[in-house]
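Working notes for the structure below.
Chain identifiers are assigned alphabetically (A, B, ...) following the order of the sequence lines, protein sequences preceding nucleic acid strands; residue numbering begins at 1 within each chain. Side chains included, hydrogens not; waters and symmetry mates left out as well; all remaining heavy atoms used.
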2 protein chains.
Amino acid sequence: MRRIGEFKKKARIMLIDDNFDHLSGIKELINMESNFDVIATSTNANVGISLVKKYRPDIVLMDINMPEKDGLSAMQEIEKLELGVKVIALTGYDDPDLIFRAMKIGAKGYILKTMASAQLIYAIEEVANGKIYLPSALSSRFFDYFQKSFKEEANEVSDEDNLLTYLTAREEEVLELLTQGVTYKGVASQLFISETTVKTHVNNIFQKLQVNDRTQAVLYALNNGFSNRRRMKVAI
Amino acid sequence: MRRIGEFKKKARIMLIDDNFDHLSGIKELINMESNFDVIATSTNANVGISLVKKYRPDIVLMDINMPEKDGLSAMQEIEKLELGVKVIALTGYDDPDLIFRAMKIGAKGYILKTMASAQLIYAIEEVANGKIYLPSALSSRFFDYFQKSFKEEANEVSDEDNLLTYLTAREEEVLELLTQGVTYKGVASQLFISETTVKTHVNNIFQKLQVNDRTQAVLYALNNGFSNRRRMKVAI
DNA sequence: AACGGTCTAATCCCTTTGGTCTACTTAGCC
DNA sequence: GGCTAAGTAGACCAAAGGGATTAGACCGTT
C-alpha cells in the first residue's frame, strides 16, 4: 500500500504484553538501543488488536502467554486482518509445539524473553527487512517437531498393510473416480466400459478394502495415501 | 576447530556427489579441517544407498542435484531404512521448494555449495550433536514458503462462501457421521431418530451443499474444513 | 398469538447401489 | 497347450439411497 521503497523510515513497533513492567522494559530498550519507534503498547490482547487496526504498526511484539486471550489467537486475528503487520512472538517457553504453531499462524519471528537484548533488536531488524527470524536453537527444535509430524503421517499411510496395494490398476482407476464423487454411470462412461463392469470392479474393491459401501471405500482411500496430493498442498 | 568432548567418537561421514572433483574436494576439506572420518564416497546415488546400508555412517552428505536418481529420492530411501543415519543435503540451489521438501523428508541439514568451508564443518558438527542445521538465510526462506502453504490452505478452507456454514447443528451431526462411513440406519440408531428423519436431514444437507449424493457430501465436508483435525496432524 | 426455523416423521415412488453367479477374452507364464 | 490373473459384461434380486410432499411439535422472536 503505502510502503515506500525499503526501510528508510523508522519501523513503527507495537508491544502487547500483559506484564506491565516487562512492557516498559522492552519499550525502554527499543527506544534506547535501536532506531525504531514504539508507537503503542497494550497489556491486553483485545485492546491490542484494536490498536493494531487503528495504528497499523509495521511490527507487533506479542507476548504469547497471556491470561484471558492467548497470544496465538490474538496473532491469528491480526493475521486475518491482512494488514501486512508483522508479528513477532515473545515468550518464556521454547516449547517446540508452541514454536510450530506460531510459525504456522504466520509469526515473522519468535524470541525468548531470556535472550540477550541485542538479539531482540537484531530480530526486529531482520523482520523489518522482510525476513523471518528464528534463533538457530529454536529453529532446530522446530525442525525436529516438523519432521516428526511428517514421519508419523508417512508411517500411518505407507504402512505395509495398506490394503490399497492389493488393488489392480483398473480398480485403482475406478476408485480414483469414486473419490471424486462420480456415480457408477459416470465411471462407466469415463472409462468406456459398461456399468456392470464398473459394479464388478467396485465389488472387488469392497472385498479387498474390507468395506461395505462406496463411502467407506472412498474414506479408506483418502485416509490411506490414495491421491494424497490434493490434500497435502506441499507434496514431495 | 577440534571440538573434542562434545562427541566422544569421531563421526563417520559418507559423501554422495556425482561430481568427482567436488567429492574429493569435500573429502580433503573434512579430513584436514575437522576430526571427522570420511569412510566412503560415491558418485552414484544407488551405489551410495548400498554403501549406506553396508557401512551405516553417522552422517551422509548428499548432493541433491544428480542425474539418473535425484538426491531427494535417494534421501528418502535412506530415511526409510531407519538406520538413524543423518543426511545433510548439499546443493547449489537455495530454492525454497527444494529446501522445504528436503526438510520434510528428514534432512538434518541443508547447505549450499557456495558457503564457506568453515560453515560446512560447523553444520556437520551441529548435526553430529543431534541438532538440525539450516543457515538462517535458508531457514528464513523455508519459513516464508511454509507459511505461504498454510495460508493458501486456510484461504481455501475458511472462505466465507463455505456452504458448510449453512448447516444446522443437527445436520452437522448427521454429516459428521456420514463422513465416518455410517449408513442411514446407523445414523438413525446413533442419534436416536428414525431413518426417515435421517433422510430428511440428508436431503436438506444435499440442497445446502449443492451435491447429489452421500459421497459428494462427504467429500465436500472433508475438503472444506469439516473435521479437519483428523487429516491435519498438527492443528493450531 | 402468530411466525419462522428446526427437528421430527411418514408415505410414495423411483434410482442407485450392492451381492452373487456365470462367462468370455486377452496377456503372461511355466 | 494349459494355467492364472485381469478385465470385460450379462442377469437377477435385494437393499439402500434419493426426491418430493406433507405435517406435527417445539422454541424463540416479533
Side-chain angles (χ1 to χ4, degrees), chain A residues 158-227 230, chain B residues 159-227:
Chain A
S158 71
D159 258 335
E160 228 34 86
D161 56 335
N162 187 335
L163 299 177
L164 289 175
T165 58
Y166 300 137
L167 298 184
T168 67
R170 200 55 160 171
E171 285 161 0
E172 275 187 20
E173 284 184 85
V174 172
L175 184 52
E176 164 76 33
L177 289 172
L178 291 190
T179 62
Q180 290 167 27
V182 182
T183 63
Y184 291 179
K185 219 187 282 280
V187 174
S189 75
Q190 285 197 44
L191 297 184
F192 303 107
I193 56 181
S194 84
E195 211 177 322
T196 58
T197 304
V198 175
K199 287 174 63 175
T200 307
H201 286 313
V202 169
N203 272 305
N204 291 332
I205 292 171
F206 290 167
Q207 302 300 317
K208 292 185 179 177
L209 301 189
Q210 296 166 29
V211 296
N212 307 309
D213 58 45
R214 211 161 81 270
T215 309
Q216 289 174 10
V218 166
L219 289 171
Y220 185 93
L222 256 32
N223 288 325
N224 289 273
F226 196 86
S227 80
R230 262 173 294 120
Chain B
D159 257 335
E160 227 34 87
D161 56 336
N162 186 336
L163 300 177
L164 289 175
T165 58
Y166 300 137
L167 298 185
T168 68
R170 200 56 160 172
E171 286 160 359
E172 274 187 21
E173 284 184 86
V174 173
L175 184 52
E176 164 77 32
L177 289 171
L178 292 190
T179 62
Q180 290 166 26
V182 182
T183 63
Y184 290 178
K185 218 188 284 281
V187 174
S189 75
Q190 286 197 44
L191 297 184
F192 304 108
I193 55 181
S194 85
E195 210 178 324
T196 58
T197 303
V198 175
K199 286 173 67 174
T200 307
H201 286 312
V202 169
N203 272 307
N204 291 333
I205 293 171
F206 290 168
Q207 302 301 318
K208 292 184 178 177
L209 301 189
Q210 296 166 29
V211 298
N212 307 309
D213 59 44
R214 209 161 83 271
T215 309
Q216 289 175 9
V218 167
L219 290 171
Y220 185 94
L222 256 31
N223 288 325
N224 290 273
F226 196 87
S227 79

Next on the checklist: Can you tell me which nucleotide in dG19(C), dA16(D), dC7(C) comes closest to the side chain of Arg170(B)?
Outcome noted: dC7(C)
Item to check | Steps toward side chain to side chain contact (heavy atoms under 4.5 Å, CB included) verdict (Val202(B), Val174(B)) | outcome: CA-CA 7 Å; Val202(B) 169; Val174(B) 173; 3.8 Å; yes
Checklist entry - How long is the line joining CG of Asn203(B) and C1' of dA20(D), in whole Å? => result 9 Å
Checklist entry - Glu171(B) side chain to Leu167(B) main-chain N or O, any donor-acceptor pair under 3.5 Å? => result no
Next on the checklist: Could you tell me how far apart Leu178(B) (CG) and dA16(D) (C1') are, to the nearest whole angstrom?
Outcome noted: 13 Å
Checklist entry - Looking at Tyr220(A) and Leu164(A), what are the two nearest heavy atoms and their distance? => result CE2-CG, 3.8 Å
Item to check | Non-hydrogen side-chain atoms of Leu191(A) and Thr197(A) separated by less than 4.5 Å | outcome: no
Next on the checklist: Using 0.5 Å steps for rounding, measure from the CG atom of Leu175(A) to the CD atom of Gln180(A).
Outcome noted: 10.0 Å
Checklist entry - Between dG7(D) and His201(A), is there an OP1 or OP2 to side-chain N/O distance shorter than 4.0 Å? => result no
Checklist entry - Do Lys208(A) and Thr168(A) touch side chain to side chain, with heavy atoms closer than 4.5 Å? => result yes
Checklist outcome for this item: One should read off an interatomic distance between Leu209(B) CG and Tyr166(B) OH, to the nearest 0.5 angstrom, of 11.0 Å
Checklist entry - Is there a residue in residues 187-199 of chain B whose heavy atoms reach under 4.0 Å of DNA chain D, and which residues are they? => result Lys199(B)
Checklist entry - Taking all non-hydrogen atoms of both residues, which atom of Gln216(B) and which atom of Gly181(A) are closest, and how far apart? => result NE2-O, 2.8 Å
Checklist entry - Can you check the Asn204(A) CG to dG19(C) P distance for me, whole Å? => result 11 Å
Checklist outcome for this item: CZ (Arg214(A)) and CD1 (Ile205(A)) are apart, to the nearest 0.5 Å, by 12.0 Å
Checklist entry - When you measure from every atom of DNA chain D, which of residues 205-219 of chain A have a heavy atom less than 4.0 Å away? => result none
Next on the checklist: Output the rounded distance in Å from CD (Glu173(B)) to C1' (dT8(C)).
Outcome noted: 13 Å
Checklist outcome for this item: Nearest heavy-atom contact between Val187(B) and Val182(B) is N-CG1, 3.4 Å
Checklist outcome for this item: Counting primed atoms, P, OP1 and OP2 as sugar-phosphate and everything else as base, the B/S/- map of nucleotides 21-30 of chain C against protein heavy atoms under 4.0 Å is ----------
Item to check | Distance, rounded to the nearest Å, where Glu171(A) contributes CD and dA5(D) contributes P | outcome: 13 Å
Next on the checklist: A side-chain contact here means heavy atoms from C-beta on lying under 4.5 Å apart; do Leu222(A) and Thr179(A) qualify?
Outcome noted: yes
